[in-house]
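Structure first, then comments.
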Amino acid sequence: MELFSANDQPTVPNPREVAFVVFPGLALLDLAGPLQVLSWARSTEGEGLAYRIRILSAPGGVVQTDSYLTLETEPLAHYSDHAFDTLIVVGGDGVYVAAKDHQFVHAIRRLADLARRVCSVCSGAYLLACAGCLERRRVTTHWEDVEILQRDFPELHIESDPIYIKDDEVWTSAGVTSGTDMSIAIVAEDLGHAAALSRARALVTYMVRPGGQSQFSPVLERQRRDEEGRFSKLHDWIGKNLQQDLTIEALAAHENMSLRSFYRAYRETLGVTPAKAVAAIRLERARDMLETTTLRMKTIAFKCGFKNEDHMRKTFLRQIGIVPSEYRARFQILN
């Protein structure tokens, strides 16, 4: 367990320098996740720390986060001519006020021009866009901030689904925990798979969630729509019986409802038909198996209730745009 500051630990002879740019009202987790990953990263066990961290704000001094905690920061002006290896601009509700500070935005652009790698967490992408750092880039941000970013910067190619995107040396992430995923991927790129795995294990997180993973959890979306949990037990039952008869007649019978009443109640509650919900749960389970097992495609198709392997393949193409084998190649998290 890490009980003292990484600043007290020896670094490698030439550590990579990382600057986090913050502002009043930053989201604490947008900073804390990536900071925890990078602060303690090492190429090999016993070697010095691989990164030297700076936390910068426009005036320096104490900055209030969106929680009870405050941060001690250094002034951006002290590093205006410094070439950091990695620049990370965090997000938070204060980002839109911060974006009105033209000197602050200009200072970010100056640091970005000098840095080898430029990153954002959550709505930090808005500051990078204001600074002109995202032009002609594929970018992402937290799904709640997509509309504002697209409205103010219509020329950007914004993808609302991925947890992070790497476009050349510009990285943008969806925010909150996805900033941690992005940082683990950065460690993997800089120091290798073993070093990233070490950090992921220390943080008890996935290794490594690829950037193309979705921000959205189908389970959470069902729970959000079904706030009272009216069909939660049905969804659990479907998930445990994907190989069984899951026609609307079977589902209605399981709920002890008439076919018409069940269909109407389900669609009003979940916003989709029962058939589409079953298909989504099958797809969700197949994706999970492709990510976390080495089972054959035929076996996964059978376990998830698809008619056959070709049926699963066509479903993936229609819903995700890639075939199951390509999905596995991109997103499998086995080591």
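Residue numbers run from 1 in the order of the sequence given. Excluded from the calculations below are hydrogen atoms, water molecules and symmetry mates; all remaining heavy atoms, backbone and side chain alike, are included.
Alongside Leu28, the hydrophobic cluster contains Leu69 (criterion: ILVMFWY side chains under 4.5 Å).
Taking the ring centroids of Tyr164 and His142, they lie at or beyond the 6.0 Å cut-off.
For the pair Arg222 and Glu284, the salt-bridge criterion is met [side-chain N within less than 4.0 Å of a carboxylate O]. Using a cut-off of 4.0 Å between Lys/Arg side-chain N and Asp/Glu carboxylate O, Asp190 and Arg117 are scored as salt-bridged. Look at Asp113 and Arg109 and you find a salt bridge, because one of the NZ, NE, NH1 or NH2 atoms lies within 4.0 Å of a carboxylate O, short of that distance. A salt bridge does not link Arg138 with Asp167: every distance from a Lys NZ or Arg NE/NH1/NH2 to an Asp or Glu carboxylate oxygen is 4.0 Å or more. Between Lys166 and Glu189 there is a salt bridge, since at least one side-chain N of the basic residue sits less than 4.0 Å from a carboxylate O of the acidic one.
Partners of His82 under the side-chain contact (heavy atoms from CB on, under 4.5 Å) rule, at least two apart in sequence or in another chain, are Glu17, Tyr79, Phe84. For Thr269, the side-chain hydrogen bond (donor to acceptor under 3.5 Å, both in side chains) test picks out no residue, with sequence neighbours left out. Residues that satisfy the side-chain hydrogen bond (donor to acceptor under 3.5 Å, both in side chains) test with His157, not counting sequence neighbours, are Glu159. Residues satisfying the side-chain hydrogen bond (donor to acceptor under 3.5 Å, both in side chains) test with Arg110, not counting sequence neighbours, are Asp81.
The side chain to side chain contact (heavy atoms under 4.5 Å, CB included) test with Gln244 singles out one residue from Thr247, Leu242, Asn241, and that residue is Asn241. The side chain to side chain contact (heavy atoms under 4.5 Å, CB included) with Val18 is formed by just one residue from the set Ile186, Ile55, Ile53; it is Ile53. For the side chain to side chain contact (heavy atoms under 4.5 Å, CB included) with Leu26, the qualifying choice from Asp93, Val63, Val95, Val89 is Val63, the only one to do so.
Between the Gln64 side chain and the Ser67 main chain, a donor and an acceptor come within less than 3.5 Å of each other.
Side chain to side chain, Glu255 and Tyr266 fail the donor-acceptor criterion of an N or O pair below 3.5 Å. A donor-acceptor contact closer than 3.5 angstrom links the side chains of Tyr126 and Asp152.
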Step by step, work out the side chain to side chain contact (heavy atoms under 4.5 Å, CB included) result for Met297 and Ser325. CA-CA 8 Å; Met297 297 294 173; Ser325 58; 4.0 Å; yes
With a cut-off of 3.5 Å and sequence neighbours excluded, list every side-chain donor-acceptor pair involving residues 270-278.
{"residue": "Thr273", "atom": "OG1", "partner": "Lys276", "partner atom": "N", "Å": "3.2"}

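The number of heavy atoms from other shown groups lying within 6.0 Å of NE2 (His254) is above 12. Residue Gln243 qualifies as enclosed at atom CD: its count of foreign heavy atoms under 6.0 Å is above 12.
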